[in-house]
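Every chain is numbered from 1, with letters handed out A, B, ... down the list of sequences.
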Amino acid sequence: DQQVKQNSPSLSVQEGRISILNCDYTNSMFDYFLWYKKYPAEGPTFLISISSIKDKNEDGRFTVFLNKSAKHLSLHIVPSQPGDSAVYFCAALSGNTPLVFGKGTRLSVIA
Amino acid sequence: KAGVTQTPRYLIKTRGQQVTLSCSPISGHRSVSWYQQTPGQGLQFLFEYFSETQRNKGNFPGRFSGRQFSNSRSEMNVSTLELGDSALYLCASSLFGLSSYNEQFFGPGTRLTVL
């Protein structure tokens with residue numbers, strides 16, 4: 001039973017446009033959410049996070065939105081750059097559980 | 001500060017064999033977690049060690065085991081390898097561990113292929 005779901009395995013976006021990556025979760029106990037970015041042959045690197053007490057967190061070109069009632073979060077990248085091409089993982093955490101990851105979305109930013 | 005290192009980077013084994021993977025965390029980090037990444041299942045948590053004690057365990061069979069040494073280095077062992085164990089095995093280190101909401105830093109992974 002997948003507690004964190006990324007329903008789009010892949011996404012293609014033109015350079016300069018907005019990339020929106022979506023993530024849904026089922027466990028209402030999750031109270032902290034993270035996005036990781038992974039390039040081939042490297043481990044995931046932390047990108048941005050959001051606590052459940054917030055509905056938005058911004059860091060430069062990256063913004064994460066959280067809709068707790070819908071159990072949905074999204075990562076917005078504006079403007080998208082070719083270097084953003086990678087696999088993005090959504091992950092969720094509560095106080096007593098390990099990180100639970102989605103299966104990832106492969107983003108391709110086309111120049 | 002040196003990052004998380006994992007050895008070996010690539011490994012080929014045959015069914016029935018066993019394998020040991022190694023992870024050296026960032027200096028000062030006491031928590032090491034292990035994950036299995038496969039195309040179909042994404043990243044799945046195996047276990048976490050903190051100060052030489054297993055603190056969390058994922059839903060994997062007993063063939064998967066681990067340990068942590070006093071210098072925080074960790075090893076993961078898989079016995080009686082199956083074809084389905086072919087995956088990228090990632091380790092991550094953090095200062096205080098999974099329950100403290102602090103950032104985990106991932107190593108590059110060990111790519112295990114079971115033939």
Handout entry: Interchain contact, B/Tyr35 with chain A, by part (heavy-atom threshold 4.5 Å)
Key = side chain
Practice task
Please check if any side-chain donor atom of B/Arg67 sits under 3.5 Å from a side-chain acceptor atom of B/Ser74, or the reverse.
Solution key: no
Exercise for the section: Would you check, one step at a time, whether the test ring pair (Phe, Tyr, Trp, His ring centres under 6.0 Å) holds for A/Phe62 with A/His76? Expected result: CA-CA 6 Å; A/Phe62 303 91; A/His76 292 212; over 10 Å; no
Exercise for the section: Check the pair B/Arg15, B/Gln17 against side chain to side chain contact (heavy atoms under 4.5 Å, CB included), reporting the backbone distance first and the verdict last. Expected result: CA-CA 6 Å; B/Arg15 276 185 302 173; B/Gln17 286 188 306; over 6 Å; no
Fill in the blank from the handout: So, the part of B/Arg9 with a heavy atom under 4.5 Å from chain A: the answer is side chain
Handout entry: Region of A/Tyr39 in contact with chain B, defined by heavy-atom distances below 4.5 Å
Key = neither
Practice task
Flag the pair B/Asp85 and B/Arg63 as a salt bridge only when some basic side-chain nitrogen lies within less than 4.0 angstrom of an acidic carboxylate oxygen.
Solution key: yes
Exercise for the section: Name the option with the most non-hydrogen atom pairs under 4.5 Å to chain B; the candidates are A/Pro9, A/Ala41, A/Gly104. Expected result: A/Ala41
Exercise for the section: Could you tell me whether the side chain of B/Gln37 reaches within less than 4.5 Å of the side chain of A/Phe101, counting heavy atoms only? Expected result: no
Exercise for the section: Please look at B/Leu90 and chain A and tell me whether the side chain, the backbone, both or neither of the residue comes under 4.5 angstrom of a heavy atom of that chain. Expected result: side chain
